[in-house]
2 protein chains.
Amino acid sequence: MTPDVPPPAARLDDETDARIVRAVSLNPRGTLAELSAAVGLSVSAVQARLRKLEARGVIAGYRAVVDPEAVGKPLAAFIEITPLDPAQPDTAPELLVHLDEIEACHSIAGAASYMLFVRVATPRHLEMLVRDIRLAASVSTRTTVVLQTFYEGRPLLPGGG
Amino acid sequence: MTPDVPPPAARLDDETDARIVRAVSLNPRGTLAELSAAVGLSVSAVQARLRKLEARGVIAGYRAVVDPEAVGKPLAAFIEITPLDPAQPDTAPELLVHLDEIEACHSIAGAASYMLFVRVATPRHLEMLVRDIRLAASVSTRTTVVLQTFYEGRPLLPGGG
DNA sequence: GTTGAAACCGTACGGGC
DNA sequence: GCCCGTACGGTTTCAAC
């Protein structure tokens, strides 16, 4: 089964929307009054536009950034996975979605089929997770341990390059 | 230059904090009243605890999730980078931080030194970005294009595995 | 898009355990 | 030290224009 197909082509309508997206990206907890000042519209107008941007999925949601160490998962890794039998239907993402150590799952070009990003407590837990992944999805894996994260999840600004 | 050293060892104090972190992760825009209901404490108590969690860096911040296509960057890729001269001081993360197409930068174990995750508008832009990276940091690169993203940035729940 | 009024929320402060 | 209740100012929301 394939994953949900994204909506046709949600794009920004005008420069005002772009400014709102920029401002919200840089300050997701800002008030409508701050947004209003940043884009030069009334509070109500900004609110209406923001609701439309959220409804269209341009702003897909909001997230709290939690320190991985604080929640007991200091060890991160990339795991490339390759189906053992290329003839079989490939449903790896669905087969793995229940493993909540997996933070991201992309299909990729190249030798491997998917790239996962995972977080676990210890090398021992990483070993167990890799085993679970191999068994659950009938895949081989190639794991690359993260030694240090310099930055991640930097805001995605419209127009900004 | 090395990146900022993370604070000693920010950890959760008790089960109530864990519940707050869980609730905030699942609903970052929720009100204190909702949090209060979720964890069974008064609004004031929840607010005090939340502020401490934020001050300690357990909750490092909040982010808006923006649709990459909507802001004109539908193409994502992983870029592994390796210094051309291992004898030189290695400051790649700092040399690259100004490139805002780079969403994440990790140092990794294995043949390469760093793993980047980037988003660009077109293959042409990816080519230019790779060139910029090679020139700015004196590195060789290995790029893996993302074909499809099934999920990413899933909430990091305390205790949950 | 704008204005304006009412409901709601975040915050600070006082008191009790 | 941690928690609860209350009161005030700012914010969100919605209707009318």
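Excluded from the calculations below are hydrogen atoms, water molecules and symmetry mates; all remaining heavy atoms, backbone and side chain alike, are included. Reminder, nothing fancy here: chain letters follow the sequence lines and each chain counts from 1.
Atom CD in B:Gln47 sits about 13 Å away from atom P in D:dC4, given to the nearest Å. Between the CD atom of A:Glu34 and the C1' atom of D:dT11 there is a distance of 11 Å, given to the nearest Å. A:Leu32 has its CG atom 4 Å from the P atom of D:dT12, to the nearest Å. Taking atom CG of A:Leu50 as the reference point, atom P of D:dC14 lies 14 Å away to the nearest angstrom.
Partner A:Asp17 forms a salt bridge (Lys or Arg N to Asp or Glu O under 4.0 Å) with one of A:Arg51, A:Lys52, A:Arg22, A:Arg56 and no other, that one being A:Arg56.
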Start with the C-alpha gap between A:Asp14 and A:Arg19, add the side-chain angles, then the distance that decides, and say whether salt bridge (charged side-chain N to carboxylate O under 4.0 Å, His left out) holds. CA-CA 9 Å; A:Asp14 57 20; A:Arg19 292 234 292 268; over 6 Å; no
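At distances below 3.5 Å, at least one donor-acceptor pair connects side-chain atoms of A:Asp90 with backbone N or O atoms of A:Ala92. When atom types are taken as modelled, the side chain of B:Ser36 and the backbone of B:Leu41 share a donor-acceptor pair closer than 3.5 angstrom.
Within the 4.0 Å cut-off from OP1 or OP2 of D:dT13, at least one side-chain nitrogen or oxygen of A:Arg51 is found.
For A:Phe117 and B:Phe117, the ring centers are positioned 6.0 Å apart or more. Ring-centre distance between B:His106 and B:Phe78: not below the 6.0 Å cut-off.
A:Thr31 comes within contact range of the sugar-phosphate backbone alone, with a heavy-atom separation under 4.0 Å but no base atom that close.
In summary, contact between chain B and DNA chain C, defined as any nucleotide atom under 4.0 Å from a heavy atom of the protein, begins and ends at C:dC9 to C:dA12 in the 5' to 3' direction.
Candidate nucleotides D:dC2, D:dC3, D:dT12 were compared by shortest atom distance to the side chain of B:Lys52, and D:dC2 ranks first.
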